[in-house]
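Note sheet for the following structure.
Any value given below was found using the heavy atoms of this structure, including those in side chains, with hydrogens, waters and symmetry copies removed. As the structure lists them, so they are numbered: ligands from 1, and atoms in each ligand from 1.
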Amino acid sequence: MAESSNSVVGVDNTFRKKFDREEYLQRAREREEKESEKKSKSKSKGPPVQRKPLKHRDYQVDLESRLGKTQVVTPIAPLSQQAGYYCSVCECVVKDSANYLDHINGKKHQRALGMSMRVERASLEQVQQRFEVLKKRKDTGGLTEQDFDERILKQQQEEEERKRQRREKKKEKKREKAIEEEPEVDPDIATMMGFGGFGSSKK
Ligand SMILES: [Zn+2]
């Protein structure tokens with residue numbers, strides 16, 4: 001009688017446990033569903049980040065402005081005033097220029113700027129345009145090698161000229177000094193000092 005009753009309390013451990021395959025499959029399915037739901041929820045929180053491809057810098061990297069300067073460094077000073085190169089994007093300090101360049105070209109920094117490390121493939125037109133820009137730059141402000149040579153020559157000539165003038169001035173000063181020293185020892189002072197008599201007939 002007890003076997004057929006539904007009100008049995010307690011655990012019947014006289015038999016080996018039998019797993020209800022169906023029930024567990026069902027549970028597994030439910031769990032999987034829940035998990036996939038969760039996943040899609042957490043994914044849909046933010047749209048996948050679309051990072052732009054790498055772009056070239058449009059500014060000059062400043063590595064030298066603090067070169068040769070003296071600065072007091074304390075460990076409690078803000079990062080930007082610590083010794084080394086400060087990156088304001090990542091708020092970190094890099095100890096030397098080589099590592100600083102590595103840093104600003106690196107993945108972490110580029111990501112902070114919203115760029116992936118992928119490089120955009122340039123089209124033919126883009127390349128042609130770039131050439132055009134560079135050519136124009138050369139035409140207007142750019143210096144050719146010849147310009148540099150001329151500049152150097154001019155500087156050398158100016159330097160020569162300056163040296164010559166300096167030499168001339170020195171010579172002139174010497175001459176003036178010689179003229180000043182030669183004559184006119186005040187006769188009174190000369191007598192006072194006891195050598196007034198030489199060659200003088202006034203005594
Ligand atoms: Zn950085």
Practice task
Quick one: do Lys107 and Ser116 satisfy side chain to side chain contact (heavy atoms under 4.5 Å, CB included)? Show the steps, please.
Solution key: CA-CA 8 Å; Lys107 196 170 169 185; Ser116 69; over 6 Å; no
Practice task
Could you check if a side-chain atom of Cys87 sits within less than 4.5 angstrom of a side-chain atom of His103, using non-hydrogen atoms only?
Solution key: yes
Problem - Non-hydrogen side-chain atoms of Arg31 and Arg27 separated by less than 4.5 Å - result: no
Practice task
May I ask you to list the protein N, O or S atoms found at less than 2.8 Å from the Zn ion (ligand 1)?
Solution key: Cys87 SG, Cys90 SG, His103 NE2, His109 ND1
Handout entry: Electrostatic pair Glu161-Arg164, nearest N-O below 4.0 angstrom
Key = yes
Problem - Residues Gln165 and Arg162: side-chain donor-acceptor under 3.5 angstrom - result: no
Problem - SB check Lys173 Glu176 (cutoff 4.0 Å) - result: no
